[in-house]
Every structure is written in C-alpha cells, then in structure tokens.
Amino acid sequence: MIGSPITPREKDFATWYQDVVIQGDMAEPAEIVKGCMVIKPNGWGVWERLQRELDDRFKATGHENLYLPLLIPESFLKKEAEHVEGFSPELAVVTVAGGKELEEPYVIRPTSETLVGHFFGKWIQSYRDLPLLINQWANVMRWELRTRMFLRTTEFLWQEGHTAHASHEEALEEVLRMLDVYADVAENVMAMPVIKGVKTSSEKFAGALRSYSIEAMMQNGLALQAGTSHDLGQNFGKAFDVQFQSKEGKLDYVWQTSWGVSTRLIGGLIMTHSDDKGLILPPKVAPRKAVIVPIYRKDEERAQVMETASKIARELGAHLDAREGQTPGAKFFHWERRGVPVVFELGPRDVAAGKIVIKRRDTGTKEPIAQSEAAVTLAETLDLMQRDLFAKAQQRLMSNTVLANSIQEVEEMLADATAEKGGGKFVMAHAKDAPEVDARMKEFKATVRNIPLTDGYDGPGKCIITGENVDRRVVIAKAY
RNA sequence: CGGGGCGUAGCGCAGCCUGGUAGCGCACCUGCCUUGGGCGCAGGGGGUCGGGCGUUCAAAUCGCCCCGCCCCGACCA
C-alpha cells in the first residue's frame with residue numbers, strides 16, 4: 001500500500017520499479033483485468049504533459065488529429081502478409097456482439113495501419129491530396145504474455161502518426177523528422193538521453209520497409225525502446241490499393257510512414273531518474289512542480305504560518321499542503337515519494353525572519369532563502385534540476401557504454417545483466433544487419449538495439465559474426 | 001504455455017502442520033496531546049477466511065476440483 005517501504009535498487013531493481021510506481025501513486029495493477037493497469041492522477045498528469053509537448057510538435061510539423069474505430073475487421077489485418085504474421089499472436093478478437101456470433105470477427109486494434117490504409121484509399125486521388133499527415137491519440141491492445149506497468153501492458157495508450165507521400169524521399173524525410181521530434185521530447189522534456197538509429201531487419205515493424213527507433217538506457221543498464229518511426233514504403237499502399245495520380249498523369253501507390261510513442265515513456269522516465277526514496281520527476285513533466293508544507297504548533301502560529309504560506313503559494317502557483325492532522329514529516333515523505341521537484345518548508349522561525357526553506361527532490365539539498373526571492377529561486381531551481389537530471393542520465397549512459405571487438409567479448413560484458421540485478425550495458429560493436437547476427441545475440445538474450453544514425457566511434461570495421469565489412473558500430477544490449 | 005509463489009478487515013501479514021467458529025501491524029473513526037523528516041496515549045468500527053464440492057458432531061485449518069493475482073522464462077511498444 002502507499003506508505004510501505006521501497007525496495008532499494010541494489011536489492012532488486014524490478015521490485016524497486018514496481019514499488020516506485022505504486023508508492024509514487026502513478027498507477028496500480030487493475031487486478032480484475034489481466035495485464036491492465038489503472039493510471040492514477042499523478043501518472044495521468046505526467047501523460048497529459050507529455051501529450052501536450054508531443055501534440056504541439058505534431059501540429060507545428062503540419063499534422064492533424066483524427067480518430068479511427070477501435071475495432072478492425074479481421075480480414076483487414078490479413079491484407080498485408082508480414083503485418084498479420086507479426087501481430088496475430090497478440091490479437092484480442094471480438095466474435096460475439098449483441099448476443100450473436102458475428103459474421104466476420106473484429107480485432108481490437110493493436111495498431112491502425114490497416115484502417116488507415118483503407119481510409120487513405122478513399123481520401124487520396126491525386127498528388128494534390130498529398131502529403132496527407134494525420135495523427136491519432138488512442139488506446140491499443142496487444143495480448144502480451146508478460147506485463148509490467150507502463151513498460152508493457154495489455155492495453156496501453158499512445159499516439160500513432162500516419163502519413164502518405166508522393167515519393168519515397170519525402171516519406172523518408174518525414175520518418176526522420178518525427179524521430180527527431182521524439183528525441184527532442186525525450187531529451188529536452190523528459191531529460192532522458194536517447195540514441196537514434198535504424199532497427200535491424202528482424203526487429204523492424206511487421207510490414208515496414210525499415211524501422212527507426214530511439215533507445216534509452218535505464219538505471220539497470222537495460223535498453224528501452226522509447227519510440228519508433230517506420231518507413232512503410234508502398235507495402236500498405238499496395239495492400240489497400242491506395243493510388244494517386246501524379247502531375248504527369250501517371251498512377252502510383254503512395255509512400256507511407258507511421259510513428260508512435262506510448263505510455264511506456266513514463267516507465268522510461270521513472271527508470272531513468274527515480275531513486276530509493278521514490279519517484280523523481282523532471283520539472284517539465286511534473287504535474288505539481290512545487291508544494292509548500294506549513295509547520296506550526298499553536299493556533300496563533302498556525303494562523304501566521306498559513307497566511308504567509310497561502311500568499312506565497314498563490315504567487316508561485318505552488319500547492320499548499322494544508323491537510324490537518326498530518327505532521328510535517330509525514331507530508332515531506334508524501335511529496336518526496338510522489339516526485340514533486342521542489343518542496344518548500346515554512347515554519348514560525350521562517351515567518352519571523354521573512355524566509356522560507358527550499359528543498360530539491362533530486363539532490364535533497366535544503367536552504368533558507370528570502371521569501372521575496374522565492375519566485376526567482378524556484379524558477380532557477382527547476383531549470384537547474386531539469387538540466388542536472390539530463391546531465392546525470394547522460395553521464396550514466398556514457399559510463400555504461402563499452403566497446404567490444406568480438407562476439408565473446410560482447411557475451412561476457414552482458415553475461416550478468418538482468419532486469420532485477422542490473423549490470424546492463426550498451427555494447428558498441430561492428431555487426432551486420434543479418435538474421436544470423438540477431439540469432440547469435442539471442443543466444444545470450446541480447447539484441448542489436450539499433451544502428452546509430454551518426455557514428456560516434458571509429459567508423460567501418462568487420463562484423464564480429466560474419467566478418468563482412470560494415471560501416472559503423474551498432475548498439476547491443478539486453479532490453480525491456 | 002512451462003517453473004515458482006500467493007489468495008484471511010482497505011493494505012501488509014500471522015493462524016493451517018496438530019480441526020473447536022479469527023488475530024496482529026498500518027490505515028480509518030472519537031477524544032486528549034503533539035507538529036522543523038513517517039508523533040504519542042486511550043477508546044472504537046470494520047471479516048461470505050478466493051469459489052465449489054467432499055470428510056467430520058464441528059473446516060480458515062484436512063481432501064478433490066475450479067478461479068484469480070504476482071514473480072521467473074519463451075513472444076513483444
């Protein structure tokens with residue numbers, strides 16, 4: 001329950017994560033619905049902020065929101081061979097409705113490429129209809145065998161962007177543009193450093209030509225795919241007969257893209273910043289940036305403290321914790337585990353001196369400041385905390401990234417890494433995008449996370465499995 | 001689907017082996033007292049013991065069946 005101790009990261013990282021989610025009042029398992037969760041107000045508040053940051057950027061890049069049905073005719077999924085093969089194991093299917101067996105079952109959307117294909121076919125006739133840039137905020141369902149709150153649940157929330165273009169070049173630009181948007185939000189809003197890259201063929205989205213991802217490193221060194229952007233080529237255009245007439249009067253299939261991030265981001269956020277005391281939220285995503293805890297003994301002290309506290313709370317837009325019957329100590333713990341970036345303490349001594357104590361969640365540092373400077377100091381502190389959190393995460397990413405020049409080295413470096421015990425690393429090695437390479441990695445439960453878009457190392461080299469030349473090192477890690 | 005664990009008050013658990021009609025901590029309610037890092041004291045409310053069947057004078061406890069949840073693995077954003 002809320003108020004219970006939090007398992008230290010050292011002892012068991014996976015349990016720590018669960019504890020932080022629950023103690024931080026972010027979410028709880030929906031015990032009555034297998035694999036699903038209840039996202040509580042503190043967690044939903046973070047999602048709302050992420051949504052806004054993302055949505056603003058989608059609009060700024062010319063996209064419009066719409067909404068498509070939750071149910072998809074089963075036959076739609078089957079139109080793209082690779083797509084149906086990839087998704088069929090995890091589909092939930094509606095076969096009975098209104099008390100009758102349906103003639104054709106509906107699948108609950110696992111993603112909407114097929115519906116989009118159908119409607120794009122209706123909406124697109126000529127090159128004048130292109131590019132078509134849409135996005136949907138929705139829930140999707142994938143029947144996962146193993147779930148973890150935020151990281152993988154049966155039902156989850158996301159946005160899925162879908163676009164159609166007249167040329168492959170233009171589509172590819174879109175794919176990379178949106179990957180940049182994701183990296184921007186991850187790094188500058190969530191303070192979570194990521195590596196942009198291309199997925200290997202065996203890890204790509206079912207039905208795509210190529211998939212791109214941003215990969216983040218959690219505190220246990222495991223990788224988390226935090227966002228994906230797909231170059232769908234003409235695969236869905238052909239499957240759903242989405243043709244347009246070019247300026248020259250020729251018919252051609254459209255070039256499509258799709259891209260998405262989900263509530264999984266919140267899991268990444270938690271595993272990037274939080275500590276053994278609970279949640280730590282970067283100021284830009286925190287539903288409550290600052291809370292004031294009043295301290296008093298007698299009634300006359302209470303009156304004075306509360307008057308000053310509510311005045312400052314109004315000025316700062318901070319939340320005043322005016323709950324009666326709770327000691328200040330209990331309140332400090334309460335806000336600490338919920339990840340509030342800044343907590344102010346205001347007692348009789350401070351009121352008398354015209355001061356207030358400001359405390360930072362991430363560092364735990366506490367200092368008295370003049371009340372008149374509270375607003376400025378708060379703004380500075382939030383700004384500094386945002387940057388410090390990013391710097392700290394980036395430092396961790398760098399110090400846990402290692403180079404390897406043989407498959408044995410890679411295997412050794414990742415041998416002890418698990419979600420519970422930690423010890424994960426990003427191992428940079430030369431490796432080809434080939435099935436035998438992925439298969440070899442799988443033997444020790446690692447994967448090629450992606451092939452970075454920019455080479456931060458020593459350029460070309462020989463693949464550690466096939467010996468063939470490849471032009472850069474790839475990210476190999478164990479992942480969620 | 002395989003391996004492990006667990007279902008007893010809102011939450012966390014004890015009781016079960018050795019049957020006798022349910023208890024502890026936290027939370028909650030009332031009063032007093034306290035308040036600069038989880039206050040204290042006193043009193044109080046709250047239970048189909050996951051479900052079904054069976055054994056028995058008697059089942060939380062023994063037996064059989066079922067259901068659910070969590071963790072670990074195989075699949076995956």
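Residue numbers start from 1 in every chain, and the chains themselves are labelled A, B, ... in the order their sequence lines are given, proteins ahead of strands.
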Margin query: In whole Å, measure the gap between the P atoms of B/G46 and B/G52 for me.
Written below: 23 Å
Item checked: Whole-Å distance separating the CD atom of A/Glu345 from the C1' atom of B/G38 -> 14 Å
Item checked: Residue A/Arg349, side-chain heavy atoms: nucleotide from B/A74, B/C75, B/G36 that is nearest -> B/G36
Note to self: Tell me the interatomic distance from A/Ile292, atom CD1, to B/G36, atom C1', rounded to whole angstroms.
What the structure shows: 16 Å
Check: With both distances under 3.5 angstrom, what nucleotide forms a Watson-Crick or G-U wobble pair with B/C1?
Finding: B/G73
Notebook entry, point to check: Hey, does the side-chain of A/Arg297 have a donor or acceptor N/O within less than 3.5 Å of a partner on the base of B/G36?
Noted result: no
Checklist line | Whole-angstrom distance between B/G40 and B/A59, as gauged at atom C1' | finding: 42 Å
Next item on the list: For A/Glu336, report the nucleic acid contact type (base, sugar-phosphate, nothing); a contact means any heavy atom under 4.0 Å.
Entry: base
Note to self: Considering every strand and a 4.0 Å limit on heavy-atom distances, what is the contact class for A/Thr153: base, sugar-phosphate, or nothing?
What the structure shows: base
Check: Using the P atom in both, what is the distance from B/G5 to B/G45, to the nearest Å?
Finding: 39 Å
Check: Please walk me through it: do A/Lys199 and A/Asp433 pass salt bridge (charged side-chain N to carboxylate O under 4.0 Å, His left out)?
Finding: CA-CA 9 Å; A/Lys199 282 287 183 186; A/Asp433 176 7; over 6 Å; no
Note to self: For A/Pro294 and A/Lys442, find the nucleotide of RNA chain B closest to each by heavy atoms; which residue's nucleotide sits nearer the 5' end?
What the structure shows: A/Pro294
Taking only distance into account, with no hydrogens and no angle test, what donor-acceptor pairs under 3.5 Å do side-chain atoms of residues 267-276 of chain A form with protein atoms, sequence neighbours excluded?
from	atom 1	to	atom 2	distance (Å)
A/Thr272	OG1	A/Gly268	O	2.6
A/His273	NE2	A/Met190	O	2.8
A/His273	NE2	A/Ala191	O	3.3
A/Ser274	OG	A/Ile270	O	3.2
A/Ser274	OG	A/Ile280	N	3.1
A/Asp275	OD1	A/Lys277	N	2.9
A/Asp275	OD1	A/Gly278	N	3.3
A/Asp275	OD1	A/Arg361	NH2	2.8
A/Asp275	OD2	A/Arg361	NH1	3.0
A/Asp276	OD1	A/Arg9	N	3.0
A/Asp276	OD1	A/Arg9	NE	2.8

Checklist line | Length of the line joining A/Asp19:CG and B/C11:C1', which is rounded to integer Å | finding: 14 Å
Item checked: Atom-to-atom span, CZ of A/Phe333 to C1' of B/C26 - whole angstrom -> 16 Å
Item checked: Separation of B/G38 P from A/Trp335 CH2 (nearest whole Å) -> 18 Å
Note to self: Using a 4.0 Å heavy-atom cut-off, does A/Val140 contact any base of the nucleic acid, only the sugar-phosphate backbone, or nothing at all?
What the structure shows: nothing
Notebook entry, point to check: With distance as the sole criterion, is a donor-acceptor pair present between the side chains of A/Asp12 and A/Tyr17 under 3.5 Å?
Noted result: no
Item checked: A/Lys366 NZ - B/G36 P separation (whole Å) -> 10 Å
Check: Has A/Arg264 got its NZ or CZ under 6.0 Å from the middle of the six-membered ring of A/Phe150, at an angle within 45 degrees of the ring axis?
Finding: no
Check: When you compare B/G12 with B/G4, how far apart are their P atoms, in angstrom units rounded to a whole number?
Finding: 24 Å
Check: If you measure from the C1' atom in B/U61 to the same atom in B/A22, how many Å do you get, rounded?
Finding: 11 Å
Notebook entry, point to check: Looking at residues 220-232 of chain A, who's got a heavy atom less than 4.0 Å off RNA chain B?
Noted result: A/Gln225
Checklist line | Base of B/A77 and ring of A/Phe156 stacked, centres under 5.5 Å, planes under 30° | finding: yes
Note to self: Which nucleotide wins on minimum distance to the side chain of A/Tyr296, given the candidates B/A77, B/U35, B/C71?
What the structure shows: B/U35
Could you list the donor-acceptor pairs under 3.5 angstrom formed by side chains in residues 68-79 of chain A, with sequence neighbours left out?
from	atom 1	to	atom 2	distance (Å)
A/Ser75	OG	A/Glu104	OE2	2.8

Next item on the list: Could you tell me the separation between the CD atom of A/Glu155 and the P atom of B/A77, rounded to a whole number of Å?
Entry: 18 Å
Margin query: Taking B/C26 as the reference, what is the distance to B/A14 when you measure between their C1' atoms (whole Å, please)?
Written below: 15 Å
Next item on the list: Determine, stepwise, if the pair A/Lys40 / A/Asp25 fulfils salt bridge (charged side-chain N to carboxylate O under 4.0 Å, His left out).
Entry: CA-CA 6 Å; A/Lys40 299 189 72 181; A/Asp25 210 17; 2.9 Å; yes
Checklist line | Counter-base of B/C6, judged by Watson-Crick or G-U geometry with both distances under 3.5 Å | finding: B/G68
Check: Rounded to whole angstroms, how far apart are CD1 on A/Ile22 and C1' on B/G10?
Finding: 15 Å
Notebook entry, point to check: Under 30°, 30 to 60°, or over 60°: which ring-plane class applies to A/Phe156 and A/Trp158, parallel, tilted or perpendicular?
Noted result: perpendicular
Margin query: Let's test this: given Watson-Crick or G-U wobble pairing with both distances under 3.5 Å, identify the partner of B/G46.
Written below: none
Note to self: Considering every strand and a 4.0 Å limit on heavy-atom distances, what is the contact class for A/Arg148: base, sugar-phosphate, or nothing?
What the structure shows: sugar-phosphate
Note to self: Using atom P in both nucleotides, what's the gap between B/G3 and B/C49 to the nearest angstrom?
What the structure shows: 30 Å
Notebook entry, point to check: Does A/Glu345 pair with A/Lys355 as a salt bridge, N-O distance under 4.0 Å?
Noted result: no
Checklist line | Value rounded to 0.5 Å, distance of OG1 in A/Thr147 from CD in A/Glu155 | finding: 12.5 Å
Notebook entry, point to check: Which residue lies toward the 5' end of RNA chain B, A/Ala14 or A/Asp299, if each is placed at its nearest nucleotide?
Noted result: A/Asp299
Note to self: Work out how far the P atom of B/A77 is from that of B/C62, and round it to whole angstrom.
What the structure shows: 45 Å
